[in-house]
Amino acid sequence: MNSSDPDRRSAQQQAADADHDEPVAPDSPYLAQFGINAGWVEELEDQFRIDAHSVDESWSAEFGGVVEPRAVRDELRRSRQAIAPTSPAPPAEARAAMPTAAEPVSEAPGPRAPIAVAHEIGTPPEAEGPLPNGAFGGTAASTLPTPSATDAAALLHQADKHARVLRLIHSYRARGHRIAQSDPLGGQSTYFPELDPAHYGFGNENLDEPFIAGDLPGGSVQTLRQILTRLGKTYCGPIGVEYTHVQDPGRKAWLRELMEEGQNHPNLDDGERRRILEKLAAAELFESFLHTKFLGQKRFSLEGGESLIPLLDHIVENAPAFGIREIVLGMAHRGRLNVLANILGKSYESIFSEFEDMPDVDAPFGSGDVKYHKGYSTDRRVESGERVHLTLTSNPSHLEAVDPVVEGRAKAKQVRAGDADGETIVPVIIHGDAAFAGQGIVAETLNLSQLVGYCTGGTIHVIVNNQIGYTTTPAEARSTLYCTDVAKMIQVPIFHVNGDHPEAVIHATKLAMAYRQRFGDDVVIDLVCYRRHGHNEGDEPAFTQPRLYRKIREKKSVESLYLEKLVAGGRVSREEAERIEKQRHEALQEALQVIHSRPPGPDEPYEPRGPWAGYSRVRPGEKVETAVSAERLAMIAEGTARVPSYFNVHKKLQAILDARAKCVSEGMGIDWGLGEALAFGSLLLEGTPVRLSGQDSSRGTFAHRHAVLVDQDSGEEYAPLDHISENQAHFEVYDSLLSEAAVLGFEYGYSVADPSTLVLWEAQFGDFVNGAQVIIDQFITSAHVKWGRMSGLVMLLPHGYEGQGPEHSSARMERFLQTCAEDSLQVVNCTNPAQYFHVLRRQMRRSYRAPLVIFTPKSLLRHPKAASQIEEFTSGTFKEVIDDPITSERPGDVKRVIACTGKVYYDLKEERAKRFEGREHEIALVRVEQLYPWPEAELTEIFNRYGNAQSRVWCQEEPRNMGAWTFVRDRLQSIIGDKVRLECAGRPEAASPAVGSPRIHRAQLQAFLDEAFGFGG
Ligand SMILES: Cc1ncc(C[n+]2csc(CCOP(=O)(O)OP(=O)(O)O)c2C)c(N)n1
Ligand SMILES: [Mg+2]
């Protein structure tokens, strides 16, 4: 279930809904003109919007014509102009490359090529068996010559021949990439049976025969030679494209037309060519300069894949023409410095000073990170004079972990900008080939791409496919044919393009950009290249890949090859090229000299900027006001139960909702679900948006939230919290994809771009949070010290030992506590709904932003003993420690102090009541509600108050090697002093967080409660 806001539903969802046989909406614009056919016209319009050519031309005016982005329009026009409608005879070069029956281009298929079945090649079609009589009733197109024999068999034979050509055309569209010249190392196959005309029974003698060409541009009838030439050029040149797996006919046809009309020919002007050359020169010089000046230092050079720079440059330069004003980038180590310098414009001085390890002594915080992980943002003015904002997201070494973070960040920026479809802010992620194929988070991130609440209108993925990962070859690194195969699952086009053909790279980029902007889908550019050096520059690649590196050493650089081509074509002179290189080299040299006399300052100001202006990472000493008036709370509670008059809520649920409203108005106990709704509702009314995502979060895993209601008749969804008042912020709750890493990464990314929204991620059970450990360790707990990045993300982690076994008990509190230092986190374990209410509100009411982990309850959710009273919401604030309300009156009587955190408090309370009836005031139960930042002052005051106590115990329900014990032990002991030793009561140390047997679980509970009260053995 998801937010009821229709604008936020994905195109896919809307298309799926359109399939339903719904009555015509009474407000259909076509109702007056088309009556009962209005629905059909609406469907036709939907189809027209996807592919204008798929509906009859006469409808175009009705639907207001095609609205293509400026850049797409230009591209279509140029590709149509590039090639005359009917191609002349193919040039000799193309003929030579053309596979024929007599002369297959490769005799022996390569290692990844399919094994050709011998009899398929050259076998005449008749061998496939006679066609049934009457299988084809019609004749061939009227422009075709009449068959010489008029008998049925001859007609059938003729029709079959045409059909085989159509099959051949289809094969090129679907499999042309198998023999495309997309590998600069020449490793691609040159033969694939389904692309061999002989496979369809054709030989050289058929080349000049006319055939029906179907929808292939160039005329409805073309010779086999013409057909093969267009197909070969379109699909088997330096760009191999995979797109026929895309099921939507409109998308497929759009791309097919664009590619086949222009035969995938780059068709660039001289200005574009010169710019490519400049960018290649800049990329190559940057690497060679670093190589000589900082010998042996790791930089993860881009050499071999320099075409990445003109590729990204093209995206940035053309962004304004597509209406794009911001690009959110994510990338790993490879070429990152090059991208920072040549795309984001980070100064050479700044980069060089990092190589010289000249730390910025004025940095106000943080332990920093290595140079090839750091983020950067800039406003780039493009040639047209327009501005494009670029942000490269900081990332850890953990490959691909940044992907969902980029998506979440882009989403938040889009939402803030009111860009519902992601047209103006675009994520671009650059991947390595081994990582893209190997890391599961890639599939998780791709899976987010079409989901409501997570869709960013399409990501441009670029794979720097240097055909190696460290020392591992593709054959060892994946079971798939291409490193990009995982992307097929979301049905998006994949362009495999030869990195030694920069013009083809630009062409593929144009297609990819146009597709993304047109359809709002992801696109993948597989930049097939090589790696000039070892994994890093101190690494000897020939240890493991001697043959490959012999070949690579012989290769001329991308720039040299391109320059040769341009010089040979008379488009650039050598002198001009030398001038370009000289200028670059001087700039680099000058920067190196400058840093020694004038070390550069910080890349970016330390003061928070943009949406972060006014927020701080310095923890405030003062408490913040979080109470809310009774009238406002009553209004919110009533609002959570209010639905439109037509809306039919499930009867049982309606009763629960009505009871909620009463709880507040009549002062009854408030449970967790309501406490949370009051926190959310009050923030929304104060103008703070709330975004919650997690598995089954809208109802709540434990059926306690009911943030989205479902109409029992229509299935319509309604989120009452989004409609409490006309004047409130937006409330969103999403049932997420069944992933932890990508969804948490996404929400973290969202929180980084939007400090003013309460962003919460909820684990189904806290136990599953370890599936997102990389996001926690590498981003959430450390980003502020590594990269100076703040986040106010909240993680809700259901935690508690209730006999549900090893995977439904523990959110691994110990792991969060272990990472607590330098204000990395706030770790909270509330014992009642009012505390939960206050801590959620505190998170947004302070200008301080640090991630907040809340261990949330399961059995306590509706437990009457854990309910809070209305006064606890209308006054007070979050208490980091709660002293015992019984003993605090007569502290001198206390003989034993038991400190604890979370749900075990209620077990202790019950046990104390049983065992110490009438003497309960002798045992103090102290609740540590916030474990980190450690509430030292409050605890010191409380323990001092109970100075007469002989025993002090930490009690926890987790095994002693888990939970908070090892974290609190030294901290509490130092508060207590040396005279009394702090004891621990908890489950025995264990390898697994909890036992499977409920009986043993109960026995363990009794045993540690006995110990806590001093009855242990
Ligand atoms: C999750 C993860 N596992 C392992 C590594 C160690 N590692 C760093 S780079 C690399 C090879 C990456 O290959 P590829 O994705 O093809 O990128 P390339 O270096 O070739 O550009 C490996 C295994 C890592 N950084 N992250
Ligand atoms: Mg690689």
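Please read these numbers as outputs of a predicted model, since none were measured by experiment. The figures here come from the full heavy-atom set of this structure, side chains too, leaving out hydrogens, waters and symmetry mates.
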Assess the residue pair Val528 and Asn498 against the criterion (side-chain contact (heavy atoms from CB on, under 4.5 Å)); give the C-alpha distance rounded to whole Å, side-chain angles, the decisive distance to 0.1 Å, and a yes or no. CA-CA 5 Å; Val528 189; Asn498 190 323; 5.8 Å; no
Please assess His496 against Tyr482 for the test ring-ring contact (aromatic ring centres under 6.0 Å, His included), listing each intermediate value before the final yes or no. CA-CA 9 Å; His496 307 281; Tyr482 295 113; 3.9 Å; yes
Begin with the C-alpha distance, continue with both residues' side-chain angles, and end with the deciding distance and a verdict on side-chain contact (heavy atoms from CB on, under 4.5 Å) for Lys279 and Leu311. CA-CA 9 Å; Lys279 293 294 148 192; Leu311 184 162; over 6 Å; no
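The side-chain heavy atoms of Leu195 and Phe192, taken from C-beta on, include a pair separated by under 4.5 Å. Using a 4.5 Å heavy-atom threshold, the side chains of Leu231 and Cys236 count as separate. Residues Leu156 and Asp160 have side chains not in contact (no heavy-atom distance under 4.5 Å, counting atoms from C-beta outward). The side-chain heavy atoms of Leu527 and Ser307, taken from C-beta on, include a pair separated by under 4.5 Å. Looking only at side-chain heavy atoms (C-beta outward), Met331 and Ile429 stay at 4.5 Å or farther from each other. Looking at heavy atoms from C-beta onward, Ser449 lies out of side-chain contact with Asp521 at the 4.5 angstrom threshold. A 4.5 Å side-chain heavy-atom check between Phe202 and Leu207 finds every atom pair outside the cut-off. Glu564 has its side chain within reach of Lys556: a pair of non-hydrogen atoms, C-beta onward, lies under 4.5 Å apart.
A salt bridge is defined here as a Lys NZ or Arg NE, NH1 or NH2 lying under 4.0 Å from an Asp or Glu carboxylate O, and Lys161 with Glu209 meets this definition. Using a cut-off of 4.0 Å between Lys/Arg side-chain N and Asp/Glu carboxylate O, Asp500 and Lys555 are scored as salt-bridged. Arg256 has a carboxylate O that lies under 4.0 Å from a charged side-chain N of Asp215, or vice versa, which qualifies the two as a salt bridge. Checked for salt-bridge contact, Glu287 and Arg532 miss the test: no charged N lies under 4.0 Å from a carboxylate O. Between Glu260 and Arg173, at least one side-chain nitrogen of the basic residue sits less than 4.0 Å from a carboxylate oxygen of the acidic one, meeting the salt-bridge criterion.
Checked against a 6.0 Å centroid threshold, the rings of His461 and His431 count as neighbours. Taking the centre of each ring, Phe300 and His535 come in below the 6.0 Å mark. Ring-centre distance between His162 and His157: not below the 6.0 Å cut-off.
A donor-acceptor contact shorter than 3.5 Å is absent between the side chain of Arg531 and the backbone of Glu303. Asp196 places a side-chain N or O within 3.5 Å of a backbone atom of Ala198 that can act as its donor or acceptor partner.
The aromatic rings of Tyr243 and Tyr235 sit parallel to each other, their planes meeting at less than 30°, with 60° as the upper class boundary.
Between Tyr515 and the choices Leu258, Asp522, Val523, Ile460, the side chain to side chain contact (heavy atoms under 4.5 Å, CB included) rule is met once, by Val523.
When all heavy atoms are compared, the tightest approach of Leu228 to Leu168 is CD2-CD2, 3.8 Å.
Counting non-hydrogen atoms of other residues, nucleotides and ligands closer than 6.0 Å to NZ of Lys252 gives a total above 12.
By the side chain to side chain donor-acceptor pair (under 3.5 Å) test, Asn466 pairs with no residue at all, sequence neighbours left out.
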